[in-house]
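Data first, discussion second: the structure below is written as structure tokens.
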Amino acid sequence: DPKAVTLTATAEKEYGNDNTLANKSLTQSGLTSWDSAAGSTYANNQSMWQNSISVTNANIDKSTYAGTYGTNGTTNKTQALGYGTNDADKAGIENALGTNYTVTYKDLLTIKKAKLTLNTTGSKTYGNEATSANIEHITGTGFKNTDADILTDTLSSTFKGYVDNKKAAATINAGTYTSTDGSVLVYDAADRTNIEQAFNNNYDIDYTDSFVVNKAELTLNTTGSKTY
């Protein structure tokens, strides 16, 4: 009877990008030592077969959420990867391995999260204590597809309510306070999780911020007198 062999294809792409794949890999389990050794049919063709790995599931495109797909995936276990256009290269693989093997195909496609930067800005006047009303704008850089539309006025208002403003006190001196790690206008861990979920967990999010404390108006009135 033919011996069972499993070929496993793996590859990666990023959410929001087309189906151009990175980090392709092809491994086998079940070949005899002589049929997998250097100079064997498998060894001589492994690189070519690996390069032919492609997305063959028509439901996967740039809008497919970050996660793992394919028979070895967890997001969706429907086959995601194949060999060549429309899996046409499978027949060549099976012919090359001959009648000694029955081939089972496994696959794992990892769709990685895209990078997104959320920038939060606000301002107040020195001497006043800031509230959430002093958080003015939340903007994003790096959105994929139409995801920028998710950041509606309603959602922005929700995000503004999450902010812990480290420069809110009335005594903070006038000036511009910024950070590249979200340490001025702060979202705590739970709030960051909520924000990630609002974008369907498709992004690794970096947080930047800027808060301006404007100078207060001050009038100095000088008076004096003398005798003639």
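Below, each value reflects all heavy atoms present in this structure, side chains not excepted, and no hydrogens, waters or symmetry copies.
Pairs of residues two or more places apart, or lying in two chains, that qualify as salt bridge (charged side-chain N to carboxylate O under 4.0 Å, His left out) and include a residue from residues 11-28 are E12-K112, E14-K144.
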Verdict with supporting geometry, N194 and Y162, side-chain contact (heavy atoms from CB on, under 4.5 Å): CA-CA 10 Å; N194 289 335; Y162 293 157; 3.7 Å; yes
Test log, rule side-chain contact (heavy atoms from CB on, under 4.5 Å), inputs E94 and V103: CA-CA 7 Å; E94 291 164 11; V103 183; 4.1 Å; yes
Stepwise side-chain contact (heavy atoms from CB on, under 4.5 Å) test for L151 and T139: CA-CA 8 Å; L151 195 59; T139 57; 5.5 Å; no
Pair N145-K62, side-chain contact (heavy atoms from CB on, under 4.5 Å): steps then yes or no: CA-CA 8 Å; N145 302 317; K62 66 180 182 180; 3.5 Å; yes
Let me have the donor-acceptor pairs involving side chains of residues 210-228, under 3.5 Å, with sequence neighbours excluded, atom names and distances please.
none

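For S54 against G84, the heavy-atom pair with the smallest separation is OG-O, 3.0 Å. Residues I53 and A9 come closest through the heavy atom pair CD1-CB, 3.6 Å. Among all heavy-atom pairs drawn from Y42 and L26, the shortest one is OH-O, 3.7 Å. Between A38 and A43, the shortest heavy-atom contact is CA-CB, 4.1 Å. Listed here is the closest heavy atom pair of A170 and K124: CA-NZ, 4.0 Å.
The CD atom of Q79 sits 5.5 Å away from the CG atom of D107 when rounded to the nearest 0.5 Å. Taking OH of Y105 as the start and OG1 of T8 as the end, the distance is 11.5 Å to the nearest 0.5 Å. Between the CD atom of E129 and the CG atom of N165 there is a distance of 9.5 Å, given to the nearest 0.5 Å. Going from atom OH of Y65 over to atom CG of N76 covers 14.0 Å, rounded to the nearest 0.5 Å. Taken from NZ in K106 to CG in L81, the straight-line distance is 13.5 Å, to the nearest 0.5 Å. Here the straight-line distance linking atom OH of Y83 with atom CD of Q50 works out to 9.5 Å at 0.5 Å rounding.
At a cut-off of 3.5 Å, with distance as the only test, a side-chain donor of D35 or Y101 sits close to an acceptor on the other residue.
The closest donor-acceptor contact from the side chain of D206 to the backbone of T117 lies at 3.5 Å or more, if one exists at all. Of the possible donor and acceptor atoms, none in the side chain of S183 sits under 3.5 Å from a partner among the backbone N and O of S179. No side-chain donor-acceptor contact under 3.5 Å links N100 to the backbone of P2. No donor-acceptor pair closer than 3.5 Å links the side chain of N19 to the backbone N or O of V55. Under a 3.5 Å cut-off, the side chain of N51 and the backbone N or O of M48 do not form any donor-acceptor pair. A donor-acceptor pair under 3.5 Å is formed between the side chain of N45 and the backbone N or O of T41. Using a distance-only test at 3.5 Å, with no hydrogens or angles considered, no donor-acceptor pair links the side chain of K160 to the main chain of S156. Under the 3.5 Å distance criterion, the side-chain polar atoms of D188 are matched with a main-chain donor or acceptor of A190. A donor-acceptor pair is defined here as one N or O able to donate and one able to accept, closer than 3.5 Å; no such pair exists between the side chain of T146 and the backbone of D149. Checked by atom type and distance alone, the side chain of T75 never pairs as donor or acceptor with a backbone atom of Y69 at under 3.5 Å.
Residue Y15 forms a side chain to side chain donor-acceptor pair (under 3.5 Å) with just one option from N201, D147, T64, D204, and that option is D147. Considering L21, T10, T68, N72 as possible partners of L109, the one that fulfils the side chain to side chain contact (heavy atoms under 4.5 Å, CB included) test is L21.
The shortest distance between side-chain heavy atoms of I195 and I205 falls below 4.5 Å. Proximity of K3 to T32: side-chain heavy atoms (C-beta onward) are separated by under 4.5 Å at one or more points. Within the 4.5 Å cutoff, no side-chain heavy atoms of L116 are placed close to those of T141. Proximity of T6 to T27: side-chain heavy atoms (C-beta onward) are nowhere separated by under 4.5 Å.
Other residues, nucleotides and ligands place no more than 12 heavy atoms under 6.0 Å from the CG atom of D153.
The hydrophobic clustering, which links ILVMFWY residues whose side-chain heavy atoms are closer than 4.5 Å, places W49 and L108 apart. Tracing side-chain contacts under 4.5 Å through hydrophobic residues (I, L, V, M, F, W, Y), one never reaches Y177 starting from V186; they form parts of separate clusters.
Between Y187 and F159, the angle of the ring planes goes over 60°, which puts this pair in the perpendicular group of the 30/60° scheme.
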